[in-house]
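Note that the structure is a prediction, hence the values are computed from the model and not measured.
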Amino acid sequence: RTCSPIPNPSAAGSGAACDASPESANARPPESMMLNRLHKWMRKRLGLRKPKRAHRNLKARFSHVYRTRAWASEQSASGPGSDRTSGSVRQACIALNRVVLDHGIRSIADAPCGDFNWMPAFLSDHPDIDYVGYDIVDEMIAANRAIHPEHRFVVLDITRRPPDQADLIFSKDMVNHLLERDVWRALANMVRSGSTYLLITSNDDPGPNADIQENFGGLSRILNLRIAPYDFPPPLYDDGYLALWRIADLKFILDRGSI
């Protein structure tokens, strides 16, 4: 039963009007139903539908995102930012081409490589580059190995150990998905790799940088490595999305007590 005050003064003696209809009792306004559906859709797109609690570690989190296709587009399991026609991929190709030519890059450690949707086109233009793709998701690496046996792919949690040494570490759209403590751990292992250059996502935003709240689903944020708490030096290249540093200039990361 649902009850509401009687608006009719002539009925004031009874105090309430009751509707005993089950259909009326369970009915939802159309606006409420639409908002509920929108809320469920947004949670699914962000990978927040299940589990209900924070993931126990990064492997569990990003494996969940991959298995539920939380980021998937028509082209890529890694999301629309990995579509071959996306603006971020076009920008990444411009940056990579310039860095490879300007700095004589012969080897690339791609962390994370995702589902390798767009990288083959770039590598076909640079057949002499020794490429290794790294990702934390076992199933994605297995799929990449099966589809692209001509390239090397390695399962890696970069917050726990460094990639192999390379002329260039390329890290597109990774640190913005990490908790701040894991950003520091990933950056420290990039430095420990002994690689020469780092081309990494650093958003051209005045900040301040805000941490994500928990290790959960597809959560992301704007991240600018040139401002606090990271305070990277001026980059060698910067297009507002990807920035290039000489790793020898980033060794201060190893001295940060928060790592």
Side-chain angles (χ1 to χ4, degrees), residues 62 66 71-137 139-156 158 162-177 186-187 189-190 193-204 223 225 232 234-250:
F62 291 113
Y66 176 71
W71 291 340
S73 67
E74 291 184 3
Q75 279 190 24
S76 173
S78 298
S82 293
D83 286 355
R84 290 181 289 274
T85 55
S86 70
S88 61
V89 165
R90 287 196 297 271
Q91 205 162 336
C93 286
I94 291 170
L96 279 168
N97 278 310
R98 178 169 171 178
V99 170
V100 165
L101 293 175
D102 288 354
H103 299 281
I105 301 301
R106 292 296 183 185
S107 57
I108 293 177
D110 184 5
C113 64
D115 67 353
F116 200 63
N117 183 58
W118 62 271
M119 185 60 77
F122 168 78
L123 292 176
S124 69
D125 292 334
H126 301 276
D128 295 333
I129 285 181
D130 181 13
Y131 171 91
V132 183
Y134 298 91
D135 205 282
I136 198 170
V137 179
E139 296 98 321
M140 190 136 53
I141 290 296
N144 289 348
R145 288 171 176 166
I147 298 170
H148 303 281
E150 70 278 15
H151 296 294
R152 184 180 168 215
F153 297 96
V154 176
V155 175
L156 175 72
I158 200 169
D164 291 342
Q165 184 177 13
D167 291 341
L168 176 70
I169 295 178
F170 175 59
S171 185
K172 175 181 176 292
D173 298 333
M174 181 186 73
V175 288
N176 48 298
H177 291 292
L187 292 171
N189 279 328
M190 293 175 186
S193 73
S195 299
T196 308
Y197 295 99
L198 171 63
L199 181 62
I200 188 170
T201 295
S202 179
N203 303 115
D204 186 13
L223 194 75
L225 294 172
F232 276 27
L236 302 172
Y237 169 90
D238 183 10
D239 62 14
Y241 171 54
L242 291 162
L244 177 73
W245 282 276
R246 187 178 287 105
I247 287 181
D249 296 333
L250 302 178

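- Here the closest heavy-atom approach between residue Ile129 and residue Val100 is recorded as CD1-CG2, 3.9 Å.
- Remark: Ile147 engages no residue in a side chain to side chain contact (heavy atoms under 4.5 Å, CB included) (not counting sequence neighbours).
- Proximity of Val99 to Tyr197: side-chain heavy atoms (C-beta onward) are nowhere separated by under 4.5 Å.
- Annotation: side chain to side chain contact (heavy atoms under 4.5 Å, CB included) contacts of Asp164 (sequence neighbours excluded): Tyr134, Arg152.
- Between His151 and Phe153, the ring planes lie perpendicular to each other; the angle is over 60°, past the 30° to 60° tilted range.
- Contact check for Phe232 versus Asp249: no side-chain heavy atoms found under the 4.5 Å cut-off.
- Applying the side chain to side chain contact (heavy atoms under 4.5 Å, CB included) test to Asn203 and every residue at least two apart in sequence or in another chain returns Thr201, Ile222, Leu223, Tyr241.
- Applying the side chain to side chain donor-acceptor pair (under 3.5 Å) rule to pairs touching residues 141-150 yields nothing, sequence neighbours excluded.
- The ring-ring contact (aromatic ring centres under 6.0 Å, His included) contacts involving residues 80-101 comprise nothing, where partners must be two or more places apart or lie in separate chains.
- Looking at Phe62 and Asp135, their side chains never come closer than 4.5 Å, going by heavy atoms from C-beta outward.
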Side chains of residues 87-96: which donor-acceptor partners sit under 3.5 Å, not counting sequence neighbours?
residue	atom	partner	partner atom	Å
Ser88	OG	Gly81	O	2.9
Ser88	OG	Ser86	OG	3.4
Arg90	NH1	Thr85	O	2.5
Gln91	NE2	Asp239	O	3.3
Gln91	NE2	Asp239	OD1	3.4

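- Residues passing the side chain to side chain contact (heavy atoms under 4.5 Å, CB included) test with Ser193, sequence neighbours excluded: Pro162, Pro163, Ile169, Ser195.
- With sequence neighbours left out, the side chain to side chain donor-acceptor pair (under 3.5 Å) criterion links Gln165 to no other residue.
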Inset, instruction - Please report the C-alpha distance between His103 and Leu244 in whole Å, then the side-chain angles of each, then the deciding distance to 0.1 Å, and finally whether the side-chain contact (heavy atoms from CB on, under 4.5 Å) criterion is met. - result: CA-CA 11 Å; His103 299 281; Leu244 177 73; 3.5 Å; yes
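- Asn176 is linked by a side chain to side chain donor-acceptor pair (under 3.5 Å) to Ser220, counting only residues two or more places apart in sequence or in another chain.
- The two residues Leu187 and Leu198 have their closest heavy-atom pair at CD2-CD2, 4.4 Å.
- Within the 4.5 Å cutoff, the side chain of Met174 has heavy atoms near those of the Ile158 side chain.
- Asp130 contributes atom CG, which lies 12.5 Å from atom CD1 of Ile105 (distance to the nearest 0.5 angstrom).
- Under the salt bridge (charged side-chain N to carboxylate O under 4.0 Å, His left out) criterion, Asp102 pairs with Arg98, not counting sequence neighbours.
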Quiz: residues 108-120 side-chain donor-acceptor pairs under 3.5 angstrom, not counting sequence neighbours:
residue	atom	partner	partner atom	Å
Asp110	OD2	Tyr131	OH	2.7
Asp115	OD1	Ser76	OG	3.1
Asp115	OD1	Ser78	OG	3.4
Asp115	OD1	Asn117	N	3.3
Asp115	OD2	Ser76	OG	2.9
Asp115	OD2	Ala77	N	2.8
Asn117	OD1	Arg84	NH1	2.7
Asn117	ND2	Gln75	OE1	3.3
Asn117	ND2	Ser82	O	2.8

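- With sequence neighbours excluded, the residues that form a salt bridge (charged side-chain N to carboxylate O under 4.0 Å, His left out) with Asp238 are Arg226.
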